[in-house]
Amino acid sequence: MSKYVCDPCGYVYEPEAGDPDNGVPAGTPFQDVPEDWICPLCGLGKDVFSAVG
């Protein structure tokens, strides 16, 4: 699974880890993260993330 980086702040979403503190279980691919999820560091939406690796 690809990692995704928040272009403005550099936060990396790793599917293997998910974001359980914000309701995204480990193992959740980025495309399955809810559309209303926001970056836990800067608060911007999924639209500012880019695939890496």
Side-chain angles (χ1 to χ4, degrees):
M1 285 188 273
S2 295
K3 297 178 183 179
Y4 283 75
V5 65
C6 180
D7 294 325
C9 78
Y11 170 81
V12 177
Y13 175 80
E14 298 185 34
E16 295 82 12
D19 184 15
D21 292 341
N22 293 297
V24 181
T28 303
F30 190 75
Q31 63 267 20
D32 294 340
V33 171
E35 289 303 316
D36 62 351
W37 177 81
I38 58 171
C39 175
L41 293 185
C42 70
L44 295 176
K46 285 179 66 176
D47 59 326
V48 300
F49 281 74
S50 299
V52 292

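None of the values given here were measured: they were computed from a predicted structure.
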When rounded to the nearest 0.5 angstrom, what is the spacing between [atom1] in [X] and [atom2] in [Y]?
X: Asp32; Y: Trp37; atom1: CG; atom2: CH2; result: 13.0 Å
X: Lys46; Y: Gln31; atom1: NZ; atom2: CD; result: 7.5 Å
X: Asn22; Y: Ile38; atom1: CG; atom2: CD1; result: 7.0 Å
X: Thr28; Y: Glu16; atom1: OG1; atom2: CD; result: 10.5 Å

By the definition side chain to side chain contact (heavy atoms under 4.5 Å, CB included), identify the one residue from Cys39, Pro25, Pro40 that meets it with Asp19.
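The single option meeting the side chain to side chain contact (heavy atoms under 4.5 Å, CB included) with Asp19 is Pro40.
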Test of ring centre spacing under 6.0 Å for Tyr13 and Phe49
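Tyr13 vs Phe49: aromatic centres not under 6.0 Å.
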Would you say that Cys6 contacts Leu41 through its side chain, given a criterion of any heavy-atom pair below 4.5 Å between the two side chains?
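In short, these two side chains do not touch, never coming nearer than 4.5 Å.
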Of the non-hydrogen atoms in Pro15 and Lys3, which two are nearest, and what is the gap between them?
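Scanning both residues completely, I find the closest heavy atoms to be CD-CA, 4.2 Å.
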Do Val24 and Val5 sit in the same hydrophobic cluster, where Ile, Leu, Val, Met, Phe, Trp and Tyr count as joined when their side-chain heavy atoms come under 4.5 Å apart?
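Not linked; separate clusters.
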